[in-house]
Amino acid sequence: QVQLVESGGGLVQSGGSLTLSCAASRTIFSGNTMGWFRQAPGKERDMVATITSGGSVNYADSVKGRFTISRDNAKNTVSLQMNSLKPEDTAVYFCNAAHNFYLRYGQWGQGTQVTVSS
């Protein structure tokens, strides 16, 4: 079964905005902290932002003040509003439950490509 589906990526100019969306399965989403992760070419996958089931958020220093993570528990979706985009934000963005079990053994989605031109 398809468990995670990311969408909303695209090509934008520096300073622009994008909103990413993730539809997660009930099994992955319910009761779990969810996160957005990104992987640039030749780099490891890094955490961008997380949000608990109750709405507490955490951000990587590189995106703090520019990105906003949110979730809709009724729809099993998590979003990432990205503003003031920079070329260094260029990466494939993934969502998943922010738990070691899922990060190591879970099945990642296809991700969505974000490309920011200078």
Side-chain angles (χ1 to χ4, degrees):
Q1 292 186 24
V2 176
Q3 304 257 294
L4 296 160
V5 180
E6 300 94 342
S7 62
L11 174 63
V12 297
Q13 294 184 6
S14 181
S17 298
L18 282 174
T19 300
L20 307 183
S21 297
C22 170
S25 70
R26 175 181 171 184
T27 300
I28 292 176
F29 191 93
S30 296
N32 284 324
T33 297
M34 296 294 295
W36 281 97
F37 307 81
R38 67 186 182 186
Q39 186 169 27
K43 302 292 182 64
E44 298 294 320
R45 182 153 45 203
D46 293 325
M47 185 275 291
V48 176
T50 61
I51 182 167
T52 69
S53 61
S56 296
V57 300
N58 200 10
Y59 298 96
D61 288 342
S62 59
V63 308
K64 192 171 185 178
R66 300 188 297 121
F67 291 10
T68 302
I69 188 171
S70 61
R71 66 191 289 162
D72 187 332
N73 291 337
K75 298 179 179 179
N76 295 336
T77 58
V78 58
S79 298
L80 186 70
Q81 175 66 50
M82 306 185 296
N83 299 322
S84 301
L85 284 162
K86 305 174 180 180
E88 51 262 45
D89 295 318
T90 295
V92 179
Y93 284 70
F94 303 86
C95 66
N96 210 339
H99 189 282
N100 186 61
F101 176 84
Y102 291 96
L103 301 182
R104 178 174 290 272
Y105 302 110
Q107 297 184 29
W108 294 83
Q110 82 288 345
T112 185
Q113 176 71 49
V114 172
T115 303
V116 184
S117 62
S118 60

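What you see is a predicted model, and the numbers here were worked out from it, not measured in a lab.
Under a 4.5 Å side-chain heavy-atom criterion applied to ILVMFWY residues, the cluster that includes L103 comprises F37, M47, V92, F94, W108 as well.
By the side-chain contact (heavy atoms from CB on, under 4.5 Å) test, A97 is found to be paired with I28, N32, M34, Y102, residues two or more places apart in sequence or in another chain being considered. Under the side-chain contact (heavy atoms from CB on, under 4.5 Å) criterion, Q107 pairs with no residue, sequence neighbours left out. Applying the side-chain hydrogen bond (donor to acceptor under 3.5 Å, both in side chains) criterion to E88, with sequence neighbours excluded, gives no partner residue. In this structure, the side-chain hydrogen bond (donor to acceptor under 3.5 Å, both in side chains) partners of N73, at least two apart in sequence or on a different chain, are R71. The side-chain hydrogen bond (donor to acceptor under 3.5 Å, both in side chains) check on T19 picks up Q81, with sequence neighbours excluded. In this structure S7 satisfies the side-chain hydrogen bond (donor to acceptor under 3.5 Å, both in side chains) test with no other residue, sequence neighbours excluded. Residues that satisfy the side-chain contact (heavy atoms from CB on, under 4.5 Å) test with S14, not counting sequence neighbours, are P87, V116.
Counting only residues at least two apart or on different chains, no salt bridge (Lys or Arg N to Asp or Glu O under 4.0 Å) pair has a member in residues 104-118. Counting only residues at least two apart or in different chains, salt bridge (Lys or Arg N to Asp or Glu O under 4.0 Å) contacts with residues 15-41 comprise R38-D89. Counting only residues at least two apart or on different chains, no disulfide bond (SG atoms under 2.5 Å apart) pair has a member in residues 34-69. Counting only residues at least two apart or in different chains, disulfide bond (SG atoms under 2.5 Å apart) contacts with residues 67-118 comprise C22-C95.
A side-chain contact (heavy atoms from CB on, under 4.5 Å) with V57 is found for exactly one of T50, T68, I51, namely I51.
Not a single donor-acceptor pair under 3.5 Å links the side chain of Q39 to the backbone N or O of A91.
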